[in-house]
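For reference, the structure discussed in these notes is given below.
Naming: A, B, ... by sequence-line order, numbering from 1 per chain.
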There are 2 protein chains.
Amino acid sequence: SVSSVDAQTSHNVAELPGLISVSTFVPAFTSSDIQEVTRTALQSGFTFAGILPSSAVGAGITDAHSLAAANEEAQGSAFTDYSFSVAASESNAHQLPSLASLSSALYLPFNQFSNNKVSAISAHFATWPEAKPIVTDAKKTDLASMLLLASLHSRKIHVTEVVSRDDLALISMAKAKKLQVTCDVSVYSLFLSQEDYPQLDFLPTKDDQKALWEGLDEIDCFSVGCIPTLVAQALGEDSSAGVGIADSLPLLFSAVEDGRLTIEDIIAKFHDAPIKIFDLVDQDSAVEVDLDRFVVSLKSKAKGFSPFKNKKAAVERVHLNGQTVCLEGEVTGNEASGKQDTVRFQHHSHIISTPLNQVTDMPQSPATRRLS
Amino acid sequence: SVSSVDAQTSHNVAELPGLISVSTFVPAFTSSDIQEVTRTALQSGFTFAGILPSSAVGAGITDAHSLAAANEEAQGSAFTDYSFSVAASESNAHQLPSLASLSSALYLPFNQFSNNKVSAISAHFATWPEAKPIVTDAKKTDLASMLLLASLHSRKIHVTEVVSRDDLALISMAKAKKLQVTCDVSVYSLFLSQEDYPQLDFLPTKDDQKALWEGLDEIDCFSVGCIPTLVAQALGEDSSAGVGIADSLPLLFSAVEDGRLTIEDIIAKFHDAPIKIFDLVDQDSAVEVDLDRFVVSLKSKAKGFSPFKNKKAAVERVHLNGQTVCLEGEVTGNEASGKQDTVRFQHHSHIISTPLNQVTDMPQSPATRRLS
Ligand SMILES: [Zn+2]
Ligand SMILES: [Zn+2]
Ligand SMILES: [Zn+2]
Ligand SMILES: [Zn+2]
Ligand SMILES: [Zn+2]
Ligand SMILES: [Zn+2]
Ligand SMILES: [Zn+2]
Ligand SMILES: [Zn+2]
């Protein structure tokens, strides 16, 4: 109960804006999985989930049908605000313009292109609307190709789940040469390495991990990403909805305690930068975290596997769109009220109280839109 | 005999400057192979051979020892002027500065880098002297990486033996975006395709070949390259020294006859552009070609396999460094007098007659250096 917590000698609470999860893995695009993942996200301090277009089962989101189906499942099921992105395939470049308005970003899963990646990817750069973000998980040589193509097409590109020293060095070099590239690193990559699990070659090596910490300034965003799910699968653990999400704040706050990170870094990389890079409408949101409190002491905990024990930094309260939506880990609204970010006019915010018909003639300034 | 030729009704002779073979394959870096290849080159209208650092046997030129050995074998054996380039390996980046002065270019054989190509190649871009050319045979995704790295390091790069529509499109796009990239296409790729030899997947498809012809303006240089040797090997034919060299002018002049090419194109892509791109000292050279005469009627013919029959455009005379060095296919000097291009002061030219001690204080203008 709350009173038992308040009886502690120190009640060291930080308030953050709601976190933005840019690469959220959902096992299947069903209302129950979307519900489970976004509930975990909300309990863990996230108020927005950018959902990856690839699932563990069936096809990804690559056309109008799969995108509409996923959006339909999400409506009334999501506990956080959300958006879907569309995965590029070798054959869907021509469909992209019609999909863009219903999705938030184009995802380029580079390894899934077989023969001539360069021309296939070029076609996607040419047809995807210029104002919309492009995301890729490309690594090594493929990453270099992708950066060249983005540069030749004068497009911004976001690299998600950077793992290696070399990829981060390439991105840094590209930034130094004014290429429009941004990146995120999965929180797991900062705290797990092949030293912990030698058999998991998708994790950074200890040297890679060192480079990620040393290159924190070059890392625009933190993410949850697919890596936690991959870890659970590789270890034969339950990889159902939402693995890794609940570990994010406890891990990052442990680094704050160790002096390797500041709270400002967390806010910059898990809120400010994602909103800017993905051009999201900022939410009315706030998260209260008790830094000294063990997560396990919360009334309701996120389910599922975690390789980390004795986690501190418990999310005691989440405020979203004018109300407290999560208290002591328990979702307090009686229905899932998350809204899709891509359709802007559906969003409400108590910051702008002007009726909609008066707003239409008035350009929204970035300042009013981005207030936290 | 010469008189039998002169008895023909038409004696349609073109005079060209000596051709430059930028990517010359030599089976082994021995005096006999170098002799055989450069003799074939001279007979075929070439007065300069940029020798590829990879041979069919043994290791390539990757360090001071192998470079010195190759240079030693070439001295007194080469019938044309020549230069060697150095092949990048995963471990020789730190040696490059000391090798640069004795070689003409750095060759980046992209497929020979195993693990992290991006960082290995980056190291080479960082250590190779900025004034010296860099050449690569990278294709598809690897080509895109290479172009990005060249761009990030603000380096010029030359792509040799472009074969596909997509690679040429990528290069064209890079040129349009002001990247410092140039390229060559093997003459064989313009005249042989997978339609002729379905089993030879290193040849362009018919559609690729169409793109090469349509994109001739984007192709800076012609080359002989490795493709003729690969064709001979794949067909089980003799792939000894110099395959394909003697076919170059006959093939190109057949295209001139068909109206697909001009003599100016041949000079631009087989002489002017190579000299400019590889920063070569222009030679005193001239080649007389009888356009209507069958090559087979020459007194002495280049040996070796060719898939092409009934070739016209016979090289009747080659003039190099003040003398006729080849007449009717017969080398007329009594020794191989080809000189290495990389050591500039060794070159003689009758264009500059000023004694050396007066020249040293006088900067050579590009105009005096580049006179044909
Ligand atoms: Zn508390
Ligand atoms: Zn509020
Ligand atoms: Zn929203
Ligand atoms: Zn905010
Ligand atoms: Zn004649
Ligand atoms: Zn002369
Ligand atoms: Zn010379
Ligand atoms: Zn010349």
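- With rounding to the nearest 0.5 Å, the separation of CG in A:L148 from OG in B:S151 is 7.0 Å.
- Heavy-atom neighbours of A:D258 CG from other residues, nucleotides or ligands within 6.0 Å: above the threshold of 12.
- Judged as a salt bridge (Lys or Arg N to Asp or Glu O under 4.0 Å), and not counting sequence neighbours, A:D196 has no contacts.
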Using distance only, find each side-chain donor-acceptor pair of residues 185-192 of chain A under 3.5 Å and give its atom names and separation, not counting sequence neighbours.
from	atom 1	to	atom 2	distance (Å)
A:S186	OG	A:Y188	N	3.2
A:S186	OG	A:V224	O	3.0
A:Y188	OH	A:D247	OD2	2.5

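- Counting heavy atoms of neighbouring residues, nucleotides and ligands inside a 6.0 Å radius, atom NZ of A:K156 does not exceed 12 of them.
- Counting only distance, with no hydrogens or angles, the side chain of B:T141 and the backbone of A:D142 share no donor-acceptor pair below 3.5 Å.
- Counting non-hydrogen atoms of neighbouring residues, nucleotides and ligands closer than 6.0 angstrom, the CD atom of B:E195 reaches no more than 12 such neighbours.
- Between B:L170 and A:L149 there is a side-chain heavy-atom pair separated by less than 4.5 Å.
- For chain B, the nearby part of A:L179 is the side chain; its heavy atoms alone come within less than 4.5 Å.
- A:M173 places a side-chain heavy atom less than 4.5 Å from the side chain of B:S122.
- Heavy-atom distances place no part of B:A169 under 4.5 Å from chain A, backbone and side chain included.
- Shown here is A:Q199, whose CD atom has more than 12 heavy atoms of other residues, nucleotides or ligands within 6.0 Å.
- The shortest side-chain heavy-atom distance between A:V118 and B:D166 does not fall under the 4.5 Å cut-off.
- Side chains of B:K177 and A:S154: a donor on one and an acceptor on the other come within 3.5 Å.
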